[in-house]
Trainee: 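One structure follows; several queries about it will come next.
This chain uses plain numbering: 1 for the first residue, then up along the sequence. Hydrogens, waters and symmetry mates play no part in the numbers below; they use all other heavy atoms, side chains included. Treat the numbers as computed from the prediction; the structure is a model and nothing was measured.
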Amino acid sequence: MSYAVTNFEIEVSQRSFQIPVLVDFWAEWCGPCRTLGPILDRLEQAQQRWVLAKVNTEELPDVAATYEIRSIPHVKLFSEGKPIAEFIGALPEYAVVQWLKKNIPGKNRKVVARAIALLEERRTDEATAMLKGVLADEPDNSEVRVLLAKLSVFSDPSAALQLIGGVDDVNDVKDAGLVDGLRVFLRLFDLANRPELLPEDDVKLQYLSASQDLRSQRFDKALEKLIEIIRNNRYYDDDGARKACIAIFKFLGEEHPVTIDYRRDFSRALY
């Protein structure tokens with residue numbers, strides 16, 4: 001059940017180390033607050049993954065000032081002692097549900113965080129085992145599905161496709177761009193096995209070759225060929241070369257040396 005906050009440090013910050021706390025900043029005079037409040041109450045009662053705390057900004061103005069609450073209703077999600085997401089205004093119920101799906105950390109969030117740290121240390125096997133364990137416990141955890149799909153997209157595309165297929169709505173995923181990129185990869189791998197589906201053109205063989213380079217994780221070679229295709233026939237395969245370049249950049253990350261090396265050539269080819 002929701003509760004009125006009197007001690008923010010204890011009732012929100014500290015409690016959020018045990019369970020995510022959704023904080024509804026409101027006031028008696030606020031009409032939209034009276035619309036949103038019952039929605040949040042109803043959604044909280046239907047689950048056990050987060051708790052709802054209500055902060056009356058008239059009674060706790062210092063707290064409102066600390067968290068820069070300038071317009072209400074204003075909802076902030078706290079986890080591990082800090083705010084991790086927010087929205088302002090009286091969203092309709094379906095929009096609040098989507099927002100919650102995207103932002104509420106899973107019950108195994110600490111395990112996922114540890115797995116991500118292992119991935120950064122290149123301890124892929126350990127991380128994969130941990131993530132598979134989480135997925136067994138939380139089959140609908142979209143974040144874990146996407147992470148496992150990223151890990152398997154080159155070695156086992158069919159498994160990656162199944163994992164991505166289990167993501168109900170890409171808009172509910174924090175890194176929607178990565179999901180889109182993985183789908184681009186999987187489509188290219190399928191076309192490499194069924195080249196007859198591609199239109200005949202002078203760039204077709206180069207496009208297929210770029211797909212093979214991508215499958216072998218030769219990202220630099222794939223980008224060289226794809227950028228050349230953009231220069232010669234920008235809209236081949238429904239702008240496929242451009243989409244593939246963006247997918248590679250998203251997969252590698254903006255700070256990856258390959259992304260840095262090829263971003264400028266890619267932009268020049270487009271314009």
Side-chain angles (χ1 to χ4, degrees), residues 17 20 79-82 84-85 102-167 170 172-190 192-193 209-227 241 243-266:
F17 282 93
S79 180
E80 308 294 330
K82 61 183 183 295
I84 61 172
K102 183 176 181 179
N103 291 291
I104 294 293
K107 62 181 179 179
N108 292 298
R109 60 191 181 278
K110 292 183 180 179
V111 179
V112 175
R114 175 58 180 155
I116 292 173
L118 289 173
L119 289 175
E120 293 174 353
E121 297 170 10
R122 299 179 184 254
R123 295 162 63 180
T124 305
D125 290 343
E126 293 175 68
T128 300
M130 293 177 72
L131 291 170
K132 286 182 176 178
V134 172
L135 190 62
D137 187 42
E138 297 181 67
D140 296 329
N141 190 316
S142 295
E143 179 186 13
V144 173
R145 282 186 168 274
V146 174
L147 284 170
L148 285 171
K150 182 177 181 180
L151 289 169
S152 62
V153 67
F154 301 112
S155 61
D156 192 349
S158 61
L161 182 61
Q162 185 175 12
L163 287 161
I164 294 297
V167 176
V170 69
D172 294 341
V173 181
K174 284 191 174 181
D175 200 346
L178 176 58
V179 178
D180 290 338
L182 292 173
R183 287 176 174 161
V184 169
F185 284 5
L186 292 167
R187 178 179 177 273
L188 287 174
F189 299 162
D190 182 56
N193 294 325
S209 178
S211 299
Q212 292 170 352
D213 286 331
L214 176 60
R215 178 68 188 274
S216 300
Q217 300 182 62
R218 296 190 293 266
F219 299 111
D220 52 349
K221 293 186 179 300
L223 284 166
E224 287 176 6
K225 294 171 183 177
L226 291 167
I227 291 170
K243 293 175 182 176
C245 287
I246 292 174
I248 293 172
F249 296 148
K250 190 64 181 178
F251 182 87
L252 296 177
E254 292 300 325
E255 302 303 317
H256 193 282
V258 171
T259 300
I260 294 170
D261 286 345
Y262 286 91
R263 262 293 188 185
R264 181 175 297 178
D265 287 345
F266 170 69

Trainee: Test salt bridge (Lys or Arg N to Asp or Glu O under 4.0 Å) on K107 and D137; report intermediate values, then the result.
Mentor: CA-CA 9 Å; K107 62 181 179 179; D137 187 42; 3.5 Å; yes
Trainee: State, to 0.1 Å, how close L226 and A241 come at their nearest heavy-atom pair, and which atoms those are.
Mentor: O-CB, 3.6 Å
Trainee: Measuring from atom CD1 of I164 to atom OG of S142, what distance do you get when rounded to the nearest 0.5 angstrom?
Mentor: 9.0 Å
Trainee: Rounded to the nearest 0.5 Å, what separation is found between the NZ atom of K132 and the CG atom of L151?
Mentor: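 Rounded to the nearest 0.5 Å, the NZ-CG separation comes out at 9.5 Å.
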Trainee: Closest heavy-atom contact between D265 and D261?
Mentor: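 Heavy atoms only, the tightest pair is OD2-O, 4.5 Å.
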Trainee: Roughly how far, to the nearest 0.5 Å, is the CG atom of L163 from the NZ atom of K150?
Mentor: 14.5 Å
Trainee: Within the supplied structure, the quantity of interest is the number of heavy atoms (other residues, nucleotides, ligands) at a distance under 6.0 Å from D125 CG; does it exceed 12?
Mentor: no
Trainee: Please confirm whether the backbone N or O of G253 pairs with a side-chain atom of T259, one donor and one acceptor, at under 3.5 Å?
Mentor: yes
Trainee: Which pair of heavy atoms, one from S79 and one from R109, lies closest together, and at what distance?
Mentor: OG-NE, 3.6 Å
Trainee: Could you pull out the closest heavy-atom pair between P20 and P105, with the gap in Å?
Mentor: CG-CD, 3.8 Å
Trainee: If I compare all heavy atoms of F17 with all of K110, which pair ends up nearest, and what's the gap?
Mentor: O-NZ, 4.0 Å
Trainee: Side chain of S216, backbone of Q212: donor and acceptor closer than 3.5 Å?
Mentor: yes
Trainee: Return all side-chain donor-acceptor pairs below 3.5 angstrom for residues 113-122, not counting sequence neighbours, or 'none' if the list is empty.
Mentor:
{"residue": "E121", "atom": "OE1", "partner": "R123", "partner atom": "NH1", "Å": "2.8"}

Trainee: When rounded to the nearest 0.5 angstrom, what distance separates CG in L135 from CG in D140?
Mentor: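 One finds 9.0 Å between CG of L135 and CG of D140.
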Trainee: Using the ring pair (Phe, Tyr, Trp, His ring centres under 6.0 Å) criterion, which residues pair with Y262? Sequence neighbours excluded.
Mentor: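 Checked Y262 against ring pair (Phe, Tyr, Trp, His ring centres under 6.0 Å); zero matches.
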Trainee: Hey, are the side chains of N141 and N108 touching, using non-hydrogen atoms and a 4.5 Å cut-off?
Mentor: no
Trainee: At their closest point, which heavy atom of V112 faces which heavy atom of V144, and how far apart are they?
Mentor: CG2-CG2, 3.7 Å
Trainee: If you round to the nearest 0.5 Å, how far is CZ of F154 from CZ of F185?
Mentor: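 The CZ atom of F154 is 5.0 Å from CZ of F185, to the nearest 0.5 Å.
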Trainee: Atom CD1 of I248 and atom CG of L223: how far apart are they, to the nearest 0.5 Å?
Mentor: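 Atom-to-atom, I248:CD1 and L223:CG are 4.0 Å apart.
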Trainee: For R145 and P139, indicate whether the former's side chain and the latter's backbone hold a donor-acceptor pair under 3.5 Å.
Mentor: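 The answer is yes, because a donor-acceptor pair under 3.5 Å joins these two groups.
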Trainee: With sequence neighbours excluded, tell me which residues meet side-chain contact (heavy atoms from CB on, under 4.5 Å) with A192.
Mentor: S211
Trainee: Please check if the number of heavy atoms outside K221 that lie under 6.0 Å from its NZ is greater than 12.
Mentor: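 At most 12 heavy atoms, drawn from other residues, nucleotides or ligands, come within 6.0 Å of this atom.
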Trainee: Any chance CD of E254 has more than 12 other-residue heavy atoms, nucleotides or ligands included, within less than 6.0 Å?
Mentor: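 Yes, the 6.0 Å shell around CD holds more than 12 heavy atoms from other groups.
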Trainee: Heavy-atom distance under 4.5 Å between the side chains of N103 and I84, does that happen here?
Mentor: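 SC-SC contact between N103 and I84 ruled out.
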